[in-house]
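Here's the structure we're looking at; comments come further down.
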Amino acid sequence: MTDTSTDARHWIDLEDRFAAHNYHPLDVVLTRGEGIWVWDVEGKKYLDFLSAYSAVNQGHNHPKIIKAVIDQLQTLSLTSRAFRNDRFGPFCEKLSKLSGYDSVLMMNTGAEAVETAIKAARKWGYRVKGVPDGKAKIITFTENFHGRTTTIVGFSCDPVARDQYGPFTPGFVTAEYNNLESTAAAFDENVVAVLIEPIQGEAGVIVPSAEFMQGVRKLCDEHNALLICDEIQSGLGRAGHFFAHTMFGICADAVTIGKALSGGVYPVSAFLAKKEIMDVFTPGSHGSTYGGNPVACAAAEAALDVLVDQNLCERSKELGEWLANEMRAIDSPHVKEIRAAGLWIGVELHESAGGARKFCEALERAGMLCKETHTHTIRFAPPLVIEKADLEWALGHIRKVLTTG
Ligand SMILES: *Cc1c(COP(=O)(O)O)cnc(C)c1O
């Protein structure tokens with residue numbers, strides 16, 4: 001008799017039958033994780049080179065984060081914001097001091113943090129800037145990814161994410177990413193904010209020029225509009241900095257963070273802003289039942305401690321520069337362009353390579369998990385706690401797959 005309980009097919013079939021088909025995952029069924037490693041139900045070990053889209057920057061099951069969460073779960077898990085709890089204030093202080101932003105608004109998912117940013121920008125536009133009611137505009141960019149709510153997909157340029165979810169929320173205009181003239185042309189007196197990813201992750205690790213980002217900052221200043229950076233994927237060390245936008249020598253008026261904010265153990269996100277922006281929110285004007293709950297605060301506090309104590313921003317920068325250089329030295333007929341910032345590398349393949357998916361599948365067979373984005377790009381994003389020896393091992397497989405695949 002065969003033991004079907006260890007056959008991945010069993011779980012894949014259940015998922016196919018009973019779960020919505022809104023993803024196209026690799027056929028690997030994971031059951032355990034530790035640090036940079038994950039194991040599947042058949043006992044095979046893999047190096048995680050995606051880190052749950054950069055949520056697991058601190059590595060899987062980081063003992064400090066897990067302990068903080070378990071301790072908090074055994075003490076107090078949810079009060080709602082109808083009452084206060086003793087984790088919320090201290091956590092907000094820590095995040096404010098670490099980030100340099102005066103004030104914190106905690107939510108759960110990244111999309112909610114972006115929705116919060118949109119609400120803040122609009123209210124700021126009406127109350128502070130003096131835009132006529134209902135006229136506020138926010139500039140967004142081609143190839144953006146900011147989440148999945150109906151408002152957010154309304155300004156997506158990706159037909160798969162957007163089609164047949166309308167009618168959409170008005171008040172958004174699209175400028176071309178990394179094109180300052182296009183951005184300048186999108187401004188008028190009713191623009192309240194620019195919402196931008198300082199590096200576009202889902203689009204395939206697109207790093208704009210410093211001139212562009214500095215130019216956007218200047219346009220925002222000239223037009224009295226807020227610069228809001230979505231750092232949900234690019235922030236918290238992934239690009240080699242606490243916030244990716246600071247590498248361009250600019251400062252955003254507000255940012256959104258999520259993903260690695262909890263080190264992958266709990267959905268925690270936040271909108272961070274200067275006081276005069278955050279003060280547009282008054283009691284009842286925005287909220288979330290789980291936002292800022294004690295478990296979220298405990299997880300995020302520990303996850304931020306790990307980021308600082310283990311120097312993850314610096315590690316990402318140094319190891320990322322080394323890895324990108326090694327990858328650029330690979331002589332592959334398939335590679336069109338390699339883009340990198342910290343331990344975040346997009347390898348765009350020529351169309352003749354036949355799509356990135358089969359390269360990801362070849363890496364899976366070699367014991368490395370990564371995922372294609374936008375058909376022709378492989379995105380590499382290992383946990384930032386990774387050691388150089390493990391990167392060297394991975395590089396060997398990447399080299400083999402890119403030169404023979
Ligand atoms: C992942 C992501 C989001 C959405 O976060 P969710 O937690 O999936 O809602 C928003 N913006 C960026 C840049 C992201 O990478």
Side-chain angles (χ1 to χ4, degrees), residues 20 22-23 25 50-57 105-121 138-158 160-162 165 172 174 177-178 193-208 213 227-239 241-245 247 252 254-272 288 290-293 296 299-300 303 339 341-346 370-374 377 379-381 384:
N22 57 331
Y23 278 90
L50 178 67
S51 307
Y53 303 102
S54 295
V56 191
N57 287 359
L105 197 155
M106 289 185 73
M107 297 296 279
N108 313 284
T109 65
E112 287 173 312
V114 173
E115 289 278 350
T116 303
I118 293 166
K119 284 178 156 186
I138 294 174
I139 298 174
T140 60
F141 292 89
T142 49
E143 301 296 304
N144 73 72
F145 183 83
H146 296 287
R148 302 291 197 169
T149 64
T150 39
T151 288
I152 292 171
V153 299
F155 56 79
S156 169
C157 301
D158 176 3
V160 181
R162 181 178 201 274
Y165 292 129
F172 297 94
T174 307
Y177 195 68
N178 208 18
V194 168
L195 173 64
I196 190 166
E197 295 160 89
I199 294 172
Q200 289 185 327
E202 295 309 299
V205 193
I206 310 289
V207 186
M213 290 300 288
L227 175 60
I228 301 174
C229 286
D230 181 348
E231 295 268 11
I232 290 166
Q233 193 166 155
S234 58
L236 306 183
R238 177 51 60 192
H241 300 265
F242 192 81
F243 291 131
H245 74 271
M247 71 192 245
V255 299
T256 52
I257 52 175
K259 293 198 168 112
L261 183 53
S262 73
V265 304
Y266 205 79
V268 188
S269 67
F271 170 68
L272 311 175
S288 161
Y290 276 82
N293 74 72
R339 301 177 290 264
L343 274 172
W344 203 20
I345 301 180
C370 53
K371 188 76 165 60
E372 79 278 6
T373 180
H374 278 221
T377 300
R379 169 179 33 191
F380 295 114
L384 306 180

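Order of listing sets the numbers, starting from 1, for every ligand and every atom in it.
- Evaluation of the salt bridge (charged side-chain N to carboxylate O under 4.0 Å, His left out) rule for Glu143 yields no partner, not counting sequence neighbours.
- Relative orientation of the Tyr177 and Phe141 rings is perpendicular, given thresholds of 30° and 60° on the angle between their planes.
- Protein residues having a heavy atom under 4.0 Å from any atom of ligand 1 are Thr109, Gly110, Ala111, Phe145, His146, Gly147, Glu197, Asp230, Ile232, Gln233, Lys259, listed by chain and number.
- The shortest non-hydrogen separation linking Lys371 to Pro25 is CE-CA, 4.5 Å.
- Test His374, His146, Arg379 against Glu202 for side chain to side chain donor-acceptor pair (under 3.5 Å) and you get one pass: Arg379.
- The pair Arg238-Glu231 does not count as a salt bridge, with every side-chain nitrogen at least 4.0 angstrom from each carboxylate oxygen.
- Within 6.0 Å of atom OH in Tyr290, 12 or fewer heavy atoms from other residues, nucleotides or ligands are found, so the atom counts as exposed in its surroundings.
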